[in-house]
Amino acid sequence: MIITVTLNLALDVTYQVPGVDWDGVNRVSAVHRRAGGKGVNVARVLAALGRDVLVTGLAGGPTGRAIEADLEAARLPSALYGINGDSRTTLAVTDADHTALFNEPGPDVTADELAGFVQHYETLLTGADAVVLSGSLPRGVPADTYATLAAIAAGRGVPSIVDADGDPLRHAPEGRPSILKPNADELARAVPGGTPAEGAQALRGRGAGAVVVSMGADGLLAVTGEGTYAARMPYTVRGNPTGAGDSLVAGLALGLVEPDPWPDRLRRAAALGAAAVARPVAGEFDPDVYADIHPQIIIT
């Protein structure tokens, strides 16, 4: 079983439009509302690949109840921890060429609520094969929380992936996660100056087992204990990139529970990320795009 942790769960709303007029009235051609947050998107992809998953995180208020109801409707197993604050809503507006995201900050979380979640999380680790810790942190949650959760998992012999930005990413190596997964911009903010390879090596030197940097159409860079690898994409997939990183993380999570060599892990992760761009909603991927692009990805 792979556990995905989303501390800042959301109700994701996606508007598909022919084009956006920022000074006028816009007609929405399709609306999607579903439970979201990066860990939920990862869980959807893993479930579609036939893996046992468990979604956990902090949820509260009417929005939290809507999130839980959608997880149940999607048959995604969950064990959410209740808080008093109302969970957030996010909005994505997407047309044929562009996607704009509007993300609320999330609820205020008390120290007692966070402590209760940590105890809850520890009980869920029994029987877990891997843990994915991803996304933003709601207000009141310390920046080193992912490091703490990764360290708890490591103490139980459970490998973890952290996908975060800003201070949570900078602190994450202290928990010795198996993999850190920043994108190129997140890496540059965490380790200013130098090349992506140098930045990834710096994070690995602080305690991460490996650092995999997603670089959009340029593919992946992975700095690992077995060497440094690059995954090059054969062509660019057009569409909505919102959930590409989460699909990529799902592929990396599979690599933690299957004895695949790094080149195979990266090829699968990169193909899943590209296939997600072809779908209008985060948490899904196009199996035809995946099948076509997977064998064409070049690993060096």
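Computed from a predicted structure; not experimentally measured.
- Sequence neighbours left out, not one pair with a member in residues 8-40 passes ring-ring contact (aromatic ring centres under 6.0 Å, His included).
- Of all the heavy atoms in Val45 and Gly283, the pair that sits closest is CG2-O, 3.8 Å.
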In sequence, state the C-alpha distance, the side-chain angles, and the governing distance for Val213 and Leu220, and then conclude on side-chain contact (heavy atoms from CB on, under 4.5 Å). CA-CA 6 Å; Val213 186; Leu220 303 178; over 6 Å; no
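- With respect to Arg44 and Asp70, a salt bridge is recorded, a charged nitrogen being found less than 4.0 Å from a carboxylate O.
- Scored by the side chain to side chain contact (heavy atoms under 4.5 Å, CB included) test, Glu113 finds Ile83, Asn84, Val109, Thr110 as partners (sequence neighbours excluded).
- Nearest heavy atoms, Gly60 versus Asp86: O-OD1, 3.2 Å.
- Pro196 approaches Leu187 most closely through the heavy-atom pair O-CD2, 3.4 Å.
- Of the possible donor and acceptor atoms, one in the side chain of Asp286 sits under 3.5 Å from a partner among the backbone N and O of Val289.
- No side-chain donor-acceptor contact under 3.5 Å links Glu68 to the backbone of Arg65.
- With sequence neighbours left out, Glu104 forms a side chain to side chain contact (heavy atoms under 4.5 Å, CB included) with Arg88, Thr89.
- A donor-acceptor pair under 3.5 Å links the side-chain atoms of Arg265 to the main chain of Asp260, judged by distance alone.
- A single hydrophobic cluster is seen to contain both Val42 and Val212, as judged by linkage of ILVMFWY side chains at heavy-atom distances under 4.5 Å, directly or through other members.
- Taking Pro295 as the reference, nothing meets the side chain to side chain contact (heavy atoms under 4.5 Å, CB included) condition, with sequence neighbours excluded.
- Remark: Arg139 engages Asp108 in a salt bridge (charged side-chain N to carboxylate O under 4.0 Å, His left out) (not counting sequence neighbours).
- With hydrophobic clusters built from ILVMFWY side chains whose heavy atoms lie under 4.5 angstrom apart, Met215 shares a cluster with Leu169.
- Although no hydrogens or angles enter the test, the distance criterion places a donor-acceptor pair under 3.5 Å between the side chain of Arg156 and the main chain of Glu122.
- Taking Asp167 as the reference, Arg170 meet the salt bridge (charged side-chain N to carboxylate O under 4.0 Å, His left out) condition, with sequence neighbours excluded.
- Remark: Arg204 engages Gln201, Val211, Val223 in a side chain to side chain contact (heavy atoms under 4.5 Å, CB included) (not counting sequence neighbours).
- Counted within 6.0 Å of CD on Glu72, heavy atoms from surrounding residues, nucleotides or ligands total 12 or fewer; the atom is thus considered open.
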Before you tell me yes or no, could you show the steps for Asp12 and Leu91 under side-chain contact (heavy atoms from CB on, under 4.5 Å), namely the whole-Å CA-CA distance, both residues' side-chain angles and the distance that decides it to 0.1 Å? CA-CA 6 Å; Asp12 285 348; Leu91 174 65; over 6 Å; no
Verdict with supporting geometry, Phe117 and Leu149, side-chain contact (heavy atoms from CB on, under 4.5 Å): CA-CA 10 Å; Phe117 172 78; Leu149 298 179; 4.2 Å; yes
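- Although no hydrogens or angles enter the test, the distance criterion places a donor-acceptor pair under 3.5 Å between the side chain of Glu186 and the main chain of Asn183.
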Candidate pair Val131 and Ile2, rule side-chain contact (heavy atoms from CB on, under 4.5 Å), full reasoning: CA-CA 6 Å; Val131 175; Ile2 298 174; over 6 Å; no
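- Judged by distance alone, the side chain of Thr6 and the main-chain N or O of Gly57 form no donor-acceptor pair under 3.5 Å.
- A donor and an acceptor atom, one from each side chain of Thr94 and Thr99, are located under 3.5 Å apart.
- Using modelled atom types, one side-chain atom of Tyr146 and one backbone atom of Ser134 make a donor-acceptor pair closer than 3.5 Å.
- Listed by first then second residue, pairs satisfying ring-ring contact (aromatic ring centres under 6.0 Å, His included) with a partner in residues 60-87 read Tyr81-His120, not counting sequence neighbours.
- Note on residues 16-38: pairs passing salt bridge (Lys or Arg N to Asp or Glu O under 4.0 Å), not counting sequence neighbours, are Arg34-Glu284, Lys38-Asp163, Lys38-Asp246.
- Listed by first and then second residue, the ring-ring contact (aromatic ring centres under 6.0 Å, His included) pairs involving residues 181-213 amount to none (not counting sequence neighbours).
- In this structure, Tyr229 contributes its side chain and Trp262 its backbone to no donor-acceptor pair below 3.5 Å.
- Residue pairs that meet the side chain to side chain donor-acceptor pair (under 3.5 Å) test with at least one member in residues 211-228, sequence neighbours left out, are Lys181-Ser214.
- Within the 3.5 Å criterion, the main-chain N or O of Gln16 finds a donor-acceptor partner in the side chain of Ser29.
- Applying the ring-ring contact (aromatic ring centres under 6.0 Å, His included) definition to pairs two or more places apart or across chains, none involves residues 180-227.
- Cluster annotation: Val93 and Val28 are assigned to the same hydrophobic cluster (Ile/Leu/Val/Met/Phe/Trp/Tyr, side-chain heavy-atom contacts under 4.5 Å, transitive).
- A donor-acceptor pair under 3.5 Å is formed between the side chain of Asp129 and the backbone N or O of Met1.
- For Pro107 against Asn8, the heavy-atom pair with the smallest separation is CD-OD1, 3.7 Å.
- Across every non-hydrogen atom of Ala164 and Gly135, the tightest pair is CB-O, 4.4 Å.
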